[in-house]
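Below is one structure; the comments refer to it alone.
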Amino acid sequence: MKTSLTGEALCQKLDTQLATKVDYLADTQKINFLNDVYAFDGNKEIVKNDFSLAFETSEGNRVFKLNEIAHGQVASRLQIPKKYYDRMRTDSPDLLRENVSHWFNNEPETRMVRTLGGDTARAFLSDKYRPLDNWDLAQAVIPTLIDHKAEIVSCDITETRMYIKAINYQSQGEVEVGQPVASGVIVSNSEVGQGALFVAPYLERLICKNGMVVNDWAKRKYHVGAKNSDGLSFDKAYQLFTDSTKKATDEAFWMQVRDLVNAALDPEQLEGILAPMRNGIHRTMNGSAIDAMPTIEKNLGLDASEKKGILENLLKGDLGKSQWGLANAITRHAEDVESYDRATELEAIGYTVATQSEREFCKTVGQTIQL
């Protein structure tokens, strides 16, 4: 499996982020959408085209540069096609500023602006968005992992999500003799509106340390709540604080999350997870793996580099052209992709392939079912 941060480094990064995270509720009529067209590189003036959200708060006027996620959310909310938004951003920044400012003023609403580091707008969200933060999630989950003697084997915080993957090496089973796996849990969360809080069983193939996300056993908790803006006046942007009522509500929520983690780590469910894998472990492609790869690429949503890497793993692997072999070729390639987010997606795709029915597998590899 792909690794990035250690458990200790994850906690340190969460502590650093906690100290610099601030959320604001702001009326879009009072948000200025600014573009800083020029910057200096030494004595040379260069076109920069950075954009910022500026608004007045109780702390004074604040200016936050938008990251790529926030840009995408502004475009989506204002129903500006992202391709056109990006073209204006590059080729006509004044036009983009005028477009966004027009809709901010003519269709006013309250938005949650999530900021980080004192200078970055990292998300532009609904005022119904319920912050379920990574620091709180880690505080809820890590003691549960310790109770189960589950070892954090991989974790990361990307631009979009936090991931914690843990394995209990005392909980093991075999897909078949010589193919042992250990079970654990994956917990992930997005603080910036890129998906729900996610808890699912997680498998590690002990021979090669490939990881698999057991997607169809997953549970999700969504970031939706009551309006945060009810009863508030917005002469200035309002900074959100955690009051005692919210803490009490959140504690009940985190107890539910701990229950989900406990369920995912239950060793009694491992046999149920492995059963569909056993059905396909000796199922193989009829023809050439090389010939099948374009169809596999299309059906699994791979790109060209992923197709190449997976084929190389399949041809040099110890499982031949079997369904189990293809699944492990995919999860092995997950270690080599640059993006941790994409690596986790490939671990889920590998599990999907490993558990497909004969009909589904034949469709994936582009062959006719042998009657």
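Note on E345 versus R161: no salt bridge recorded, every NZ/NE/NH1/NH2 to OD/OE distance being 4.0 Å or above. Between E271 and R278, at least one side-chain N (NZ, or NE/NH1/NH2) sits under 4.0 Å from a carboxylate O, which counts as a salt bridge. Of the charged side-chain nitrogens involved, none lies within less than 4.0 Å of a carboxylate oxygen, so that K165 and E204 do not count as a salt-bridged pair. Electrostatic pairing of K308 and E312 counts as a salt bridge here, judged by a charged N lying under 4.0 Å from a carboxylate O. With respect to the salt-bridge test (charged N to carboxylate O, under 4.0 angstrom), the residues R205 and D318 qualify.
Looking only at distances, no side-chain donor or acceptor of T284 sits under 3.5 Å from a matching main-chain atom of K321. At distances below 3.5 Å, not a single donor-acceptor pair connects side-chain atoms of E174 with backbone N or O atoms of V181.
When only modelled atom types and interatomic distance are considered, D27 and T110 share no side-chain donor-acceptor pair under 3.5 Å. For the 3.5 Å distance criterion, the side chains of K149 and Q170 fail to qualify, holding no donor opposite an acceptor. Counting only N and O atoms by type, the side chains of D23 and T115 include no donor and acceptor under 3.5 Å apart. Inspection of the Y24 and R111 side chains reveals no N or O donor paired with an N or O acceptor under 3.5 Å.
Ring to ring, F104 and F124 are close: their centroids are under 6.0 angstrom apart.
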(request) Using the salt bridge (Lys or Arg N to Asp or Glu O under 4.0 Å) rule, take K30 and E56 through it: C-alpha gap first, then chi angles, then the decisive distance, then the call. (result) CA-CA 8 Å; K30 302 183 185 302; E56 187 71 21; over 6 Å; no

(message) One pair to check against salt bridge (Lys or Arg N to Asp or Glu O under 4.0 Å): K21 and D133. What are the steps and the verdict?
(response) CA-CA 10 Å; K21 292 191 297 189; D133 283 351; 3.5 Å; yes

(message) Between E347 and K2, does the salt bridge (Lys or Arg N to Asp or Glu O under 4.0 Å) criterion hold? Intermediate values first, please.
(response) CA-CA 10 Å; E347 289 177 340; K2 187 175 183 66; over 6 Å; no

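Within a 6.0 Å radius of CD in E159, other residues, nucleotides and ligands contribute 12 heavy atoms or fewer. A 6.0 Å sphere centred on NZ of K363 holds no more than 12 heavy atoms belonging to other residues, nucleotides or ligands. Atom NZ of K82 is surrounded by more than 12 heavy atoms from other residues, nucleotides or ligands within 6.0 Å. The local environment of CH2 in W103 is sparse, with at most 12 non-hydrogen atoms from other residues, nucleotides or ligands closer than 6.0 Å. In this structure, K307 places its NZ atom where more than 12 heavy-atom neighbours from other residues, nucleotides or ligands lie under 6.0 Å away.
A side-chain hydrogen bond (donor to acceptor under 3.5 Å, both in side chains) with Y351 is found for one member of T331, N215, D216 and no other, namely D216. Among I310, L311, N210, N328, the one residue that satisfies the side chain to side chain contact (heavy atoms under 4.5 Å, CB included) test with H333 is I310.
In this structure, the separation between OG on S126 and CZ on R77 is 7.0 Å, given to the nearest 0.5 Å. For the atom pair C208 SG and E335 CD, the distance stands at 7.5 Å (nearest 0.5 Å). Atom OG of residue S52 and atom CZ of residue F64 lie 10.0 Å apart, to the nearest 0.5 angstrom. Between atom CZ of residue R114 and atom CD1 of residue I69 there is a gap of 11.5 Å, rounded to the nearest 0.5 Å. With rounding to the nearest 0.5 angstrom, the CG atom of L10 is 5.0 Å from the CD1 atom of I157. Rounded to the nearest 0.5 Å, atoms CZ (R130) and CE (M112) are 11.5 Å apart.
No side-chain heavy atom of F55 sits under 4.5 Å from any side-chain heavy atom of N61. Looking only at side-chain heavy atoms (C-beta outward), N262 and H148 come within less than 4.5 Å of each other. By the 4.5 Å heavy-atom criterion applied to side chains, M285 and V365 are counted as neighbours. Between Y202 and V213, some side-chain heavy-atom pair lies under the 4.5 Å cut-off.
Closest of all the heavy-atom pairs between A200 and V214 is CB-O, 3.7 Å.
Under a hydrophobic-cluster definition in which Ile, Leu, Val, Met, Phe, Trp and Tyr are linked whenever side-chain heavy atoms come within less than 4.5 Å, directly or via other members, I290 and L314 are assigned to the same cluster.
Using a 30° and 60° split on the angle between ring planes, Y163 and Y340 fall in the tilted class, from 30° to 60°.
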